[in-house]
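Notes follow once the structure below has been shown.
Lettering follows sequence order; numbering is per chain, from 1. All figures in this text were calculated on a predicted structure; none of them were measured in a lab.
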There are 2 protein chains.
Amino acid sequence: MNIATQRPFSQVLDRLRMAGLRPTRQRLALARLLFDGCDRHVSAEQLHSEALAANIRVSLATVYNSLHQFTSAALLREIVVDAGRSYFDTNTSEHHHFFFERSGHLEDIAGHMVTVTKMPDAPAGTTIRRVDVIVRVDG
Amino acid sequence: MNIATQRPFSQVLDRLRMAGLRPTRQRLALARLLFDGCDRHVSAEQLHSEALAANIRVSLATVYNSLHQFTSAALLREIVVDAGRSYFDTNTSEHHHFFFERSGHLEDIAGHMVTVTKMPDAPAGTTIRRVDVIVRVDG
DNA sequence: GTGTTTGCAAAGTGTTTGCAATTTA
DNA sequence: TAAATTGCAAACACTTTGCAAACAC
């Protein structure tokens, strides 16, 4: 990531503030890596490596904390495709995923590309939080 | 599980043989626990406890091996809802799942209760292996 | 007998935790 | 200064591995 293409500092800063997250040096740096305009699917390890590569001193524990805080604040969405690894998706709008089983790669499917016409009612006393559609392909 | 309600020995035995799996004492015992007629969602730990409770001496490693072998042989289907835990579903027909986020409980949705009318094409050079629909509810 | 399967204990993976030191407002 | 956040290292939960002993055919 070239510094010239990064989002303005203030934009990311506002985003954190609006989410009620104190804009610490670490959170700010991670947020700038994540919310660079592209839709991304990152694991904690990946983001940590990326941060180190960019000379951002941050511990893995803080990366985990931040990813979860961003997820709670709806800045990220967590996707589970694979037992034993979590991915975080910077695209929080309604959409689904291709999962390439061989490579472990994840790719967005725009929301309008999938239509679910028939759905069961939520079990009594519950509310549907989200419907995840994962199309598993052998790529 | 009452012994009187268990599947006949020979039925489970044939099932293993047809899958090309040597019907060892452990595989046979685990298969009898799993394929008792009900649709079940089990984790390795759960199945291991169940086996011990039923006085079947089997190691956790063997439970893992067997679950994966059964899955490869299409006697089971693996479901991932939760990073860090695998569930195995004895229902291998087309169907989907409710996932109760609070309790971690998993429940089948019959295939005919969900209709996906519009689907993207598989990415070039790939084949769709399966479409998983997971309805996350807060139960 | 021969190749397969098992059990064990150890190693591995990804994630979380407890707590003192640091930083933010 | 008070409360929130961080880094570290240890703990954690779940899963896989290596290999000698046991087993199925």
Side-chain angles (χ1 to χ4, degrees), chain A residues 9-10 12-33 41-52 55-73 75-76 78-88 104 106, chain B residues 9-10 12-33 41-52 55-73 75-76 78-88 104 106:
Chain A
F9 210 74
S10 59
V12 175
L13 204 139
D14 286 347
R15 226 168 150 175
L16 289 182
R17 277 211 241 270
M18 278 196 296
L21 294 170
R22 221 181 247 199
T24 63
R25 182 175 62 71
Q26 290 86 338
R27 289 211 270 242
L28 213 46
L30 294 175
R32 294 187 82 197
L33 287 177
H41 303 109
V42 293
S43 68
E45 290 280 6
Q46 267 165 41
L47 184 59
H48 186 228
S49 307
E50 226 175 283
L52 296 187
N55 265 308
I56 300 160
R57 270 190 304 87
V58 61
S59 72
L60 185 55
T62 297
V63 172
Y64 274 105
N65 282 341
S66 301
L67 286 172
H68 288 140
Q69 290 154 353
F70 292 175
T71 302
S72 298
L75 300 177
L76 291 178
E78 190 171 359
I79 304 166
V80 181
V81 273
D82 213 350
R85 178 161 312 184
S86 270
Y87 287 98
F88 294 86
L106 205 54
Chain B
F9 211 74
S10 59
V12 174
L13 204 141
D14 287 348
R15 223 165 152 178
L16 290 181
R17 276 209 241 272
M18 279 197 295
L21 295 169
R22 214 181 252 197
T24 62
R25 181 176 63 73
Q26 290 86 339
R27 289 213 269 242
L28 214 45
L30 294 175
R32 293 187 84 197
L33 287 177
H41 304 109
V42 293
S43 69
E45 290 280 5
Q46 267 165 42
L47 184 58
H48 186 230
S49 307
E50 227 175 283
L52 296 187
N55 265 307
I56 299 160
R57 268 191 305 87
V58 61
S59 72
L60 185 55
T62 298
V63 172
Y64 274 106
N65 284 340
S66 302
L67 286 171
H68 288 139
Q69 290 153 353
F70 293 174
T71 302
S72 298
L75 300 178
L76 291 179
E78 191 172 357
I79 304 167
V80 181
V81 274
D82 213 351
R85 178 161 314 185
S86 270
Y87 286 96
F88 294 87
L106 205 54

Could you spell out the base pairing of DNA chain D as a dot-bracket line? Use Watson-Crick and G-U wobble contacts where both distances are under 3.5 Å, [ ] for crossing pairs, | for partners on a different strand.
|||||||||||||||||||||||||

Residue A:Arg27, side-chain heavy atoms: nucleotide from C:dT15, D:dG7, D:dT6 that is nearest
D:dT6

Report yes if some heavy atom in the side chain of A:Val80 is under 4.5 Å from a heavy atom in the side chain of B:Asp82; otherwise report no.
no

In whole angstrom, give the distance that lies between atom CD of B:Glu45 and atom P of D:dC12.
15 Å

Mind checking what makes side chain to side chain donor-acceptor pair (under 3.5 Å) contact with A:Gln26, not counting sequence neighbours?
none

Which whole-number value in Å describes the distance from A:Leu67 CG to D:dT6 C1'?
15 Å

Please report the interatomic distance CG(A:Asn65) to CD(A:Gln69), rounded to the nearest 0.5 Å.
5.5 Å

Residues in side chain to side chain donor-acceptor pair (under 3.5 Å) with A:Thr71, at least two apart?
none

Result for 5'-nearest mapping on DNA chain C, choosing between B:Ser66 and B:Ala83, is B:Ser66

Among residues at least two apart in sequence or on other chains, which ones pass side chain to side chain contact (heavy atoms under 4.5 Å, CB included) with B:Ala51?
B:Leu30, B:Leu33, B:Ile56, B:Val58

Atom CG of A:Leu21 and atom P of D:dT5 are separated, to the nearest Å, by 7 Å

Could you tell me whether B:His68 contacts a base, only the sugar-phosphate backbone, or nothing, with contacts defined as non-hydrogen atoms closer than 4.0 Å?
sugar-phosphate

What's the separation between atom CG in A:Leu67 and atom CG in A:Leu47, rounded to the nearest 0.5 Å?
5.5 Å

Looking only at the side chain of A:Tyr64 (C-beta and beyond, no hydrogens), which of the listed nucleotides D:dG7, D:dT15, C:dT15 gets closest?
C:dT15

Donor-acceptor pair, distance only, cut-off 3.5 Å: does the side chain of B:Arg27 make one with the backbone of B:Arg22?
yes

Taking CZ from A:Arg57 and C1' from C:dT23, how many angstroms apart are they, rounded to a whole number?
13 Å

OH of A:Tyr64 to CZ of A:Phe88: how many Å apart, nearest 0.5 Å?
8.0 Å

Comparing nearest nucleotides in DNA chain D, the 5'-proximal residue of the pair A:Leu60, B:Tyr87 is A:Leu60

Which residues share a side chain to side chain donor-acceptor pair (under 3.5 Å) with B:Ser49, sequence neighbours left out:
none

Take atom CG of B:Asp82 and atom P of C:dT16, then tell me their distance rounded to the nearest Å.
10 Å

Whether each nucleotide of nucleotides 17-25 of chain D has a protein heavy atom under 4.0 Å at its base (B), only at its sugar-phosphate (S) or at neither (-) is summarised, 5' to 3', as B------BS

Send over the distance from B:Gln26 CD to C:dT4 P, rounded to a whole Å.
17 Å

Could you grab the distance from atom CG of A:Leu76 to atom NE2 of A:His41, nearest 0.5 Å is fine?
11.0 Å

Can you tell me which nucleotide in C:dT6, D:dT6, C:dT15 comes closest to the side chain of A:Ser86?
C:dT15

Separation of D:dT16 atom C1' from B:Glu78 atom CD, nearest Å, is 13 Å

Starting at atom NE2 of B:His48, determine the distance to atom P of D:dA13, rounded to an integer number of angstrom.
17 Å

OP1 or OP2 of D:dT5 under 4.0 Å from side-chain N/O of A:Gln69
no

